[in-house]
Amino acid sequence: MKFYVASKGDHKSNMIKSIIEQYLLDFDLVLSKEEPDLVISVGGDGTFLHTVHDYFHRLQETAFIGLHTGHLGFYADWLPEEVEKLVIEISKKKFEIKEYPLLSMSIFYQNQQEPVEYLALNEATIKRIEGSVVLDVKINGQPFERFRGDGLCVSTPSGSTAYNKALGGAIVHPSLSTMQITEMSSINNRVFRTIGSPLILPSHHVCQFVPVNPDQSFLITIDHVTKSVENVVALEYAVAKQKIRFARFQPFPFWKRVHDSFISDER
Ligand code: NAP
């Protein structure tokens, strides 16, 4: 089996990366940054996002594991004291694959035939540096509302514990193929009206944001990546056809991770 170990880049993560690499090479696994069957991300959930984006082009071939060098994470759910157990599991056992949904976002530009497409593991957001975002929200082609406010966030189930949670969105189990739209400070008065509640859409639905003024520039985030875009006629979101594959060696139920991350990690 071919593997690669990605590190956050700090001293502790680099040390653990070297230890894992040495162990796995001793177990006759092959190091391959370009075509790994398994990628081990060492750092945090943020590091995991960076690592996964580097392999979005080979999601069908590559499975992922995250090891956290700080606190327990959602993607990085192995801890430094479990390194030996992890490498033994990787070298000895055929692992189980758990698939989680991703979000696809297509940006349609003026004077451009084909949209530019992106994948997100946590979420995609739209905001502005100055002033409010004003967008027509359509669901399956039908006008739903005109949104005016700081911005909108569309998250995956596994991203529901990240930015989405801070915006008051629901935590969604990643076995559900859904996307969730949450508002960032919508303006609601006698002139402007939005639903105000997070919306959870199934995998066969599509949602579009249509800028009311396409000449404005917007800030788009896709997980940790931020882009400034102009001349946008529409942004389209859907549950992606591709999924991310996690290598699972031990059960770690999602609700236990939620409990240990947000309530208490005392066993
Ligand atoms: P960052 O601002 O340096 O870190 C964001 C925090 O979110 C880190 O503590 C990270 O955990 C945690 N995180 C990432 N994915 C998570 C998940 N699925 N569930 C729970 N927590 C998660 O940014 P970054 O490291 O580049 O990560 C980008 C992410 O930051 C975005 O995808 C967005 O979800 C999140 N974010 C959150 C807020 C907010 O909560 N108000 C605002 C902006 C962005 P680690 O410490 O383990 O890396």
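Ligands are counted one by one from 1 in listed order, and the atoms in each one are counted from 1 as well.
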Could you give the distance from [atom1] ([X]) to [atom2] ([Y]), rounded to the nearest 0.5 Å?
{"X": "Phe48", "Y": "Leu121", "atom1": "CZ", "atom2": "CG", "result": "6.5 Å"}
{"X": "Tyr109", "Y": "Glu230", "atom1": "OH", "atom2": "CD", "result": "9.5 Å"}
{"X": "Ile126", "Y": "Thr221", "atom1": "CD1", "atom2": "OG1", "result": "10.0 Å"}
{"X": "Gln216", "Y": "Asn231", "atom1": "CD", "atom2": "CG", "result": "11.5 Å"}

Does this structure show an ion pair linking [X] with [Y], if we count only N-O contacts that are shorter than 4.0 Å?
{"X": "Arg128", "Y": "Glu130", "value": "no"}
{"X": "Asp77", "Y": "Arg248", "value": "yes"}
{"X": "Glu145", "Y": "Arg193", "value": "no"}
{"X": "Lys2", "Y": "Asp37", "value": "no"}

Within a distance under 4.0 Å of any heavy atom of [X], pick out the atoms of ligand 1 and give their elements.
{"X": "Ala166", "result": "39 (C), 40 (O), 41 (N)"}
{"X": "His71", "result": "46 (O), 47 (O)"}
{"X": "Leu49", "result": "27 (O), 28 (C), 29 (C), 32 (O)"}
{"X": "Asp223", "result": "31 (C), 32 (O)"}
{"X": "Gly46", "result": "25 (O), 45 (P), 48 (O)"}
{"X": "Ser158", "result": "18 (N)"}

Nearest protein heavy atom to [atom]: under 4.0 Å?
{"atom": "atom 1 (P) of ligand 1", "answer": "no"}
{"atom": "atom 12 (C) of ligand 1", "answer": "no"}
{"atom": "atom 28 (C) of ligand 1", "answer": "yes"}
{"atom": "atom 41 (N) of ligand 1", "answer": "yes"}
{"atom": "atom 5 (C) of ligand 1", "answer": "no"}
{"atom": "atom 23 (O) of ligand 1", "answer": "no"}

Inset, instruction - Answer yes or no: does an N/O atom from Asn122 fall short of 3.5 Å to an N/O atom of ligand 1? - result: yes
Inset, instruction - Indicate yes or no: does an N/O atom of His224 lie under 3.5 Å from an N/O atom of ligand 1? - result: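 N/O-N/O distance under 3.5 Å: no.
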What protein heavy atom sits nearest [atom], and how far away is it?
{"atom": "atom 38 (C) of ligand 1", "result": "Tyr163 CD2, 3.6 Å"}
{"atom": "atom 34 (O) of ligand 1", "result": "Glu123 OE1, 2.5 Å"}
{"atom": "atom 16 (C) of ligand 1", "result": "Ala162 CB, 3.6 Å"}
{"atom": "atom 19 (N) of ligand 1", "result": "Thr161 OG1, 2.7 Å"}

Inset, instruction - May I ask you to check if Lys98 and Phe252 form a cation-pi contact, with NZ or CZ under 6.0 angstrom from the six-membered ring centre and within 45° of the axis? - result: no
Side-chain donor-acceptor pair under 3.5 Å between [X] and [Y], yes or no?
{"X": "Gln208", "Y": "Tyr237", "answer": "no"}
{"X": "Arg257", "Y": "Ser261", "answer": "no"}
{"X": "Tyr75", "Y": "Asn122", "answer": "yes"}

Legend entry - Joint cluster assignment, Met105 & Leu167, ILVMFWY side-chain distance < 4.5 Å: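 Each belongs to a different hydrophobic cluster.
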Legend entry - Option with minimal heavy-atom separation from atom 14 (C) of ligand 1, where the choices are Ile171, Asp45, Ile222, Thr47: Asp45
Inset, instruction - Determine whether the side chain, the backbone, both or neither of Tyr75 has a heavy atom under 4.0 Å from any heavy atom of ligand 1. - result: side chain
Inset, instruction - Classify the contact between Lys165 and ligand 1 as side chain, backbone, both or neither, using a heavy-atom distance cut-off of under 4.0 Å. - result: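 The answer is neither; Lys165 stays 4.0 Å or more away.
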